[in-house]
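First the structure, in the form of structure tokens, and then the observations on it.
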Amino acid sequence: MKKAIVVYDTIYGNTEKVAKALASGMSEKGVQADSISVQKVDINRLKEYDLLAIGGPTHAFGISKPMKGFLEKLKKVEEVKGKKAFAFDTRMKIRIAGSAAKKIEKKLTKLRMNIVRSSSSAFVLGSEGPLEEGTEERFRQIAGEIANLI
Ligand SMILES: Cc1cc2nc3c(=O)[nH]c(=O)nc-3n(C[C@H](O)[C@H](O)[C@H](O)COP(=O)(O)O)c2cc1C
């Protein structure tokens, strides 16, 4: 059975919901998928997974501090090279919002990970949420697409 892990950062729980939707969408397609926060993930166990989905809230037009810290640690994990990856974020639907996902994807590319699908954003209606209606369903569908690429 193929294995995937969704690593997320969150303050208000919105990105966690998106991470859980991704994991459940992959599980529905027969992938063993876990979701875990950046604070709890054990980077030494990432080598067990076929795909890493990595996402967080957009803070100051970019990547949140805890997620930056995690991505920095990932540099030391030789085994992530060549591993499949997907980046996502949550952000506001405003003209100049920035996107953490695009920046995360760039860093994963630098780590020589294999981006299987271009990054996606989930939108929150306010800084603390809620997620735009239908977001979790949309990410379950994206997860289904990703599951076929593992
Ligand atoms: C310190 C801070 C900075 C933020 N900066 C941005 C930003 O630059 N662009 C944006 O679209 N949203 C910004 N937001 C809103 C977050 O994207 C929003 O809180 C997040 O998507 C909610 O996800 P969470 O519930 O997982 O924390 C910011 C929020 C915080 C707390």
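Quick note: numbers below take in every heavy atom, side chains included, and nothing from hydrogens, waters or symmetry partners.
- Annotation for Arg140 and Ser24: closest pair CD-OG, 3.5 Å, computed over non-hydrogen atoms.
- Annotation: the span from Met67 atom CE to Lys107 atom NZ amounts to 11.5 Å, rounded to 0.5 Å.
- In this structure, the side chain of Asp89 does not engage the main chain of Gly56 through any donor-acceptor pair within 3.5 Å.
- Nearest heavy atom pair, residue Ala87 against residue Leu108, reads CB-CD1, 4.3 Å.
- Counting all heavy atoms, side chain and backbone alike, Ala85 lies closest to Met113 at CB-CE, 3.7 Å.
- In summary, of the residues considered (Asp9, Thr135, Leu131, Ile11), a side chain to side chain contact (heavy atoms under 4.5 Å, CB included) with Thr90 occurs for Leu131 alone.
- Note that CD of Glu79 and NZ of Lys83 are 7.5 Å apart. Values are rounded to the nearest 0.5 Å.
- Note that the CZ atom of Arg112 and the NZ atom of Lys81 stand 6.0 Å from one another [nearest 0.5 Å].
- Across Pro57 and Ala100, no two heavy atoms sit closer than the pair O-CB, 3.8 Å.
- In the hydrophobic clustering of ILVMFWY residues, with side-chain heavy atoms under 4.5 Å counting as a link, Val41 and Val6 come out apart.
- In this structure, Val77 is a member of the same hydrophobic cluster as Ile115, with clusters built from ILVMFWY side-chain heavy atoms closer than 4.5 Å.
- Ile63 is connected to Val7 through a chain of hydrophobic side-chain contacts under 4.5 Å among Ile, Leu, Val, Met, Phe, Trp and Tyr, so both are in one cluster.
- Checking side-chain atoms of Lys29 against main-chain N and O of Ala143 turns up no donor-acceptor pair under 3.5 Å.
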Could you walk me through whether Leu74 and Ile54 pass the side chain to side chain contact (heavy atoms under 4.5 Å, CB included) check? CA-CA 11 Å; Leu74 213 52; Ile54 298 174; 4.0 Å; yes

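- The main-chain N or O of Thr15 is never found under 3.5 Å from a side-chain atom of Lys20 such that the two would form a donor-acceptor pair.
- Side-chain contact check for Ser99 and Thr58: no donor-acceptor pair (N or O, by modelled atom type) lies under 3.5 Å.
- Minimum interatomic distance between Lys2 and Asp50 (heavy atoms only, all atoms of both residues): CA-OD2, 3.3 Å.
- For the residue pair Ser120/Arg117, the side-chain donor-acceptor check at 3.5 Å is satisfied.
- Inter-residue side-chain proximity for Ile104 and Leu71 is flagged as met; some heavy-atom pair is nearer than 4.5 Å.
- A distance-only check finds no donor-acceptor pair linking the side chain of Glu128 to the backbone of Tyr12 [under 3.5 Å].
- Two different hydrophobic clusters hold Val80 and Phe88 under the rule that ILVMFWY side chains link at heavy-atom gaps under 4.5 Å.
- With rounding to the nearest 0.5 angstrom, the CZ atom of Phe123 is 7.0 Å from the CD atom of Glu132.
- Proximity of Glu105 to Ser118: side-chain heavy atoms (C-beta onward) are separated by under 4.5 Å at one or more points.
- We find the OG-CZ distance between Ser121 and Phe139 to be 7.0 Å, quoted to the nearest 0.5 Å.
- At a threshold of 4.5 Å between non-hydrogen side-chain atoms, the residues Lys17 and Glu136 count as touching.
- Counting only heavy atoms from C-beta outward, the side chains of Leu111 and Lys75 approach each other to under 4.5 Å.
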Steps toward side chain to side chain contact (heavy atoms under 4.5 Å, CB included) verdict (Ile142, Ile146): CA-CA 6 Å; Ile142 291 172; Ile146 294 169; 3.8 Å; yes

Take Tyr8 and Leu22, measure what side chain to side chain contact (heavy atoms under 4.5 Å, CB included) needs, and give me the verdict at the end. CA-CA 11 Å; Tyr8 62 89; Leu22 281 170; over 6 Å; no

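- Put simply, Leu52 and Phe86 are part of two different groups of oily side chains (I, L, V, M, F, W, Y) that touch within less than 4.5 Å, one to the next.
- Between the Lys3 side chain and the Ala33 main chain, no donor and acceptor come within less than 3.5 Å of each other.
- At least one side-chain heavy atom of Pro66 sits less than 4.5 Å from a side-chain heavy atom of Gln39.
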Side chain to side chain contact (heavy atoms under 4.5 Å, CB included) between Val31 and Ile150: does it pass, once the steps are laid out? CA-CA 9 Å; Val31 173; Ile150 304 180; 4.0 Å; yes

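- One distance of note links NZ of Lys73 with CG of Asn44; it measures 9.5 Å at 0.5 Å rounding.
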